[in-house]
Amino acid sequence: MDGWLKNCGTALGAVAAAVFLTPAPALADSLIENVNGMTLDSEGKVIRFAAMVIDDDGKVKQLLDRRDKRPREVDFQFDGKGQTVIPGFFDAHGHVMGMGFGALTLDLSDTSSLAEALAKISQYAADNPGRQWIIGNGWNQEAWGLGRFPTAAELDAVVADRPVFLSRVDGHAVWVNGAAMAAAGISSATKSPGGGSIEKSGGKPTGIFVDTAMDLFDAAIPAPKPVDRDVALSKAQDILLASGVTSIADMGTTMQDWQSFRRAGDKGRLKVRIISYAAEIENMIAIAGPGPSPWLYDDHLRLAGVKLYIDGALGSRGALLKKPYADKAGESGLAMLSSAQLKNKMSRAAMDGFQTAVHAIGDQANDDILSAIEELRYTYKGDRRWRVEHAQIVDPADIGRFAATGTIASMQPVHQTSDRLMAEARLGTDRLVGAYAWQSLLASGAKLAFGTDVPVESPNPFAGLAAAMTREDAAGQPFGGWMPKEKLSREQAWNAYTNGAAYAAFAEDRLGSLQPGRRADFLIIDQDILLATPEQIRNAQVLQTWIAGRPAFVRSR
């Protein structure tokens, strides 16, 4: 990745110069010619085209097949040389600044054992002696085959002279050392907050803090400076554009995040389109005030709603279940909001026209949010597009309630392949009928919107497409797919990553498809995704990414 980040500037500059350095004072129509173009219409049906006319506002003006006459007068004509052109992907659920900061700090996602992780932490600390805190992310005790959480004592053995704060891969737990707990004033007397858990052994904190217990460190960790935030945003945009993601729903935008987005927009540096869902009601009010923001910077930024949490994640056993965990008797997860609190927050958002997106992973959490929607929809009528983020474990009896309430299932296909073995351990095979139930939800009439939950998973949407089609991981396991009846067709999966994600964000009138009047955000890729095998799709490369008819990323060869 570093190679193309260092070198793509030269290639991108050359393409941009060839395309746009014309004597005209303003751009007129452009013609993207000689392409294997494909997009989906609003019903998910394939539209093929050989050329595309783009107007001077960066919107698609016309799609042409090989027999159609080409416009005579255009300012620019680009020869696609027969390569495949598709709409840019719309990631329905990601964390933009988390991805940017994650790329700039210690990344443990590639470690396969506790020993390997500790060695990497030790080396990182040695390489960065000036950092007050060692901040990192990506550890996963399940991938390590550890059978337990790691401990502060194990961290102390490699870094004891300064605080270490490491987020679990799902962002729902942190692993810290003794210095971090001392800096935050945490001792044996510290009690677990509501909606969170301090793991203890012998009455002492072990170094693992789950869900809201992570907030105990907020005051102690040095806050990033605005310049640090801007660097992280720039890094995140580079990664997204190289992955083929042109739009993303940012789930959990803080005021500081919003200010970074606005600074980039003011300076003309906001390339990716970001639809924000504020982190809780307080940020929603602070950012947007009386209602959702308008589209800003030529459809590059909008505050659409609020992100709420009702439970945690399976990996940290914070997901709220109807029955206790199969691998930990007596525990059923963490309720981060009571039913009354959830409905109060949703009402506060809905009364001012904000959309609500609620994190719900366990079957009880999904039941709770659907019950809240069933009650509130009679008060807050109209096109609300209630969103459930993740909807990973759903009681089969509750699947039909999504369509009945007009609730969108915003899901991440790669979670199924990453979490399969853990889900089996946490729940037992007899409770997995409604797990990652994409086809069942779609067949019931529910709307699907797909994303990655980056940085929990890679931002690569092609891996998600392959997973949705096969329910197999990158190694082809399990052969034939896990619970294969929930597979999607390639068109269904692709639609959820484009039109479905745009619909979920009230953006289907301008994003998600290459149709007249919508933004000309598109990719040139090295595979025909309608003919390629799932394995070929998983390994597809983005050659170029264009935003509003202009190149934003060109892969160096």
Side-chain angles (χ1 to χ4, degrees), residues 97-98 101-102 104-109 111 113-141 144 146-225 228-229 232 252 254 256 279-280 309 312-313 315-318 331 334 336 455:
M97 297 302 292
F101 280 118
L104 297 171
T105 54
L106 174 60
D107 180 8
L108 297 174
S109 62
T111 58
S113 68
L114 174 61
E116 186 179 350
L118 291 172
K120 192 168 184 179
I121 295 164
S122 178
Q123 188 61 53
Y124 184 88
D127 293 341
N128 295 273
R131 301 210 171 181
Q132 293 178 292
W133 283 62
I134 301 298
I135 306 292
N137 63 89
W139 61 271
N140 185 353
Q141 83 282 5
W144 296 343
L146 195 59
R148 61 173 175 82
F149 283 124
T151 67
E154 287 162 331
L155 269 183
D156 289 336
V158 294
V159 182
D161 62 332
R162 52 193 151 144
V164 180
F165 182 92
L166 305 170
S167 298
R168 192 180 183 277
V169 64
D170 56 15
H172 285 270
V174 294
W175 172 27
V176 303
N177 67 351
M181 287 188 282
I186 293 168
S187 67
S188 300
T190 305
K191 295 181 179 180
S192 297
S197 173
I198 301 173
E199 296 289 309
K200 293 186 176 182
S201 177
K204 297 181 179 180
T206 65
I208 297 296
F209 295 75
V210 180
D211 288 320
T212 60
M214 299 185 295
D215 300 342
L216 297 172
F217 295 89
D218 285 354
I221 299 174
K225 299 176 183 178
D228 299 325
R229 292 184 173 278
T254 66
Q256 292 78 17
E280 275 290 347
Y309 285 87
S316 52
R317 296 190 186 85
E331 289 197 12
L334 298 170
M336 300 180 75

When you measure from the side chain of [X] to the backbone of [Y], do you find a donor-acceptor pair of N or O atoms at a distance under 3.5 Å?
X: Trp139; Y: Ser109; result: no
X: Thr206; Y: Glu199; result: yes
X: Ser122; Y: Leu118; result: no
X: Asn177; Y: Ala180; result: yes
X: Thr111; Y: Ala117; result: no
X: Asn128; Y: Tyr124; result: yes

Distance from [X] atom [atom1] to [Y] atom [atom2], nearest 0.5 Å?
X: Arg168; Y: Phe149; atom1: CZ; atom2: CZ; answer: 6.5 Å
X: Asp215; Y: Asp211; atom1: CG; atom2: CG; answer: 9.0 Å
X: Lys120; Y: Leu108; atom1: NZ; atom2: CG; answer: 6.0 Å

Give me the atom names and distance for the closest heavy-atom approach of [X] to [Y].
X: Gly203; Y: Ser188; answer: O-CB, 3.4 Å
X: Asp170; Y: Ala313; answer: OD2-CB, 3.1 Å
X: Gly171; Y: Met214; answer: O-CE, 3.3 Å
X: Gly195; Y: Met336; answer: O-CG, 3.8 Å
X: Ala279; Y: Thr254; answer: CB-CG2, 4.3 Å
X: Gly207; Y: Ala152; answer: CA-CB, 3.9 Å

Under 4.5 Å between any side-chain heavy atoms of [X] and [Y], yes or no?
X: Ile121; Y: Leu155; value: yes
X: Arg162; Y: Arg131; value: yes
X: Ile198; Y: Thr190; value: yes
X: Asp107; Y: Asn137; value: yes
X: Ile135; Y: Ile221; value: yes
X: Ile186; Y: Leu216; value: yes

Dump the intermediate steps for side-chain contact (heavy atoms from CB on, under 4.5 Å) on Ile208 and Val174, then the final yes or no.
-> CA-CA 6 Å; Ile208 297 296; Val174 294; over 6 Å; no
May I have all residue pairs that pass ring-ring contact (aromatic ring centres under 6.0 Å, His included) and include part of residues 180-221, sequence neighbours excluded?
->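 Matches after skipping sequence neighbours: Phe165-Phe217, Phe209-Phe217.
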Determine which pairs satisfy ring-ring contact (aromatic ring centres under 6.0 Å, His included) with at least one residue from residues 186-206, sequence neighbours left out, and list them in order.
->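 Not a single pair qualifies under ring-ring contact (aromatic ring centres under 6.0 Å, His included).
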So with a 6.0 Å cut-off around NZ of Lys200, is the heavy-atom count from everything else above 12?
->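 Result for NZ/Lys200: enclosed.
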Who are the side chain to side chain contact (heavy atoms under 4.5 Å, CB included) partners of Leu146, not counting sequence neighbours?
->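 Residues passing side chain to side chain contact (heavy atoms under 4.5 Å, CB included) with Leu146: Leu114, Gln141, Trp144, Arg148, Pro150.
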